[in-house]
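This report concerns only the one structure given below.
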Protein chains: 2
Amino acid sequence: MQFSEPKGIYLQIADQMRERILRREWSAGQRIPSIRELAVELGVNPNTVARSYQTLVDSRLIANRRGLGYFVAEDAAERALAEMREAFLRDEMPRIVRTMRLLGIGPEEISAGFSRQERANA
Amino acid sequence: MQFSEPKGIYLQIADQMRERILRREWSAGQRIPSIRELAVELGVNPNTVARSYQTLVDSRLIANRRGLGYFVAEDAAERALAEMREAFLRDEMPRIVRTMRLLGIGPEEISAGFSRQERANA
DNA sequence: TCTACTGTACTATTACTCTAGTACAGTATG
DNA sequence: CATACTGTACTAGAGTAATAGTACAGTAGA
């Protein structure tokens, strides 16, 4: 049996950061909070945040300027969208469809979910 | 920020067991593998499997008969289906819809996923 | 230059899961 | 009764993630 690795806090923080970039809450060229700031805000250790930042540096969504902090890359939003879409379609979708079939839940339930959320946002 | 707990091996084994019950691979009244057997088969420690079994006992999907082993409860499949459906609709669906909206993926992609899997199963 | 920020690096400690090993009681069967 | 299975309980250890704390170098601005 294949076991899935647990998803560390530092990866969850990185996900949240990708989302902020995607939503343009953090826009291109902008400086993002320092490691220490974000650590305090999230109530985690600075080392953990540093690790999150490194994963985003690795996929070139942010870049460091020594002594100044981290800055959002120019093409970050587009890059994040492409990265996340691919990951969702490749990793999540098959698992979701499989589970839905197993539980007798049809695609129309997803559409209903969309409608519900539309009303909630309105 | 809220962090999701990592999903331990014992919970993943429990999930797999629920699925077997749902698929009637393990049918009502039937004896399931002993803790030691399953531990060997999965290559994990017996203590870990024992923990998995306990979670299924807690939701009354299986029951123990001392010295004999564990047996699938009479209404296990129905109970498992209800339990898993509710968990999916409550916990997973909102998250999925939210992510899809964020990534600009429409409900029709799910339908397409269903069709793909249908062809794969045929 | 001094101060207050930045990131980086490192060690030690805590907490938790899983592993490893042992021991013991209940049950069926010969 | 003897044997060979069951589950259960317990202790000890390894491995890993996250925490805690400290130290140090680069940068901006008064």
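The sequence lines fix the lettering, A, B, ..., with proteins before strands; numbering per chain opens at 1.
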TODO: State plainly whether the residues A:Arg24 and A:Glu78 are in salt-bridge range, i.e. N to O under 4.0 Å.
DONE: yes
Task: Comparing B:Arg66 and A:Arg65 on DNA chain D - which has the more 5′ nearest nucleotide - done: B:Arg66
Task: Nucleotide nearest A:Thr48 (side chain, heavy atoms from C-beta), chosen from D:dA18, D:dG26, C:dT8 - done: D:dA18
Task: Ring-face cation contact, A:Tyr70 with A:Arg31, 6.0 Å cut, 45° max - done: no
- [ ] Report yes or no: do A:Ser111 and A:Glu108 form a side-chain donor-acceptor pair below 3.5 Å?
- [x] no
- [ ] Please tell me which of the listed nucleotides, D:dT6, C:dT8, C:dT27, lies nearest to the side chain of A:Tyr70?
- [x] C:dT8
Task: Residues B:Glu19, A:Arg101: salt bridge by 4.0 Å N-O rule - done: no
Open item on the list: Given B:Leu102, which partner from the list A:Arg18, A:Arg85, A:Met84 fulfils the side chain to side chain contact (heavy atoms under 4.5 Å, CB included) test?
Closed with: A:Met84
- [ ] Map B:Glu37 and B:Asn47 onto DNA chain D by nearest heavy atom, then report which one ends up closer to the 5' terminus.
- [x] B:Glu37
Task: Candidate nucleotides D:dT8, C:dT19, C:dG7, ranked by approach to the side chain of B:Arg36 - the nearest - done: D:dT8
Task: Five-pair end axes of the helix from C:dT1-D:dA30 to C:dG30-D:dC1, angle between them (10°) - done: 10°
Open item on the list: Ignoring hydrogens and geometry beyond distance, is the side chain of A:Asn45 in donor-acceptor contact with the base of D:dA20 at under 3.5 Å?
Closed with: yes
Task: Side chain of B:Val44 (C-beta onward), nearest among C:dT19, D:dT19, C:dT6 - done: C:dT19
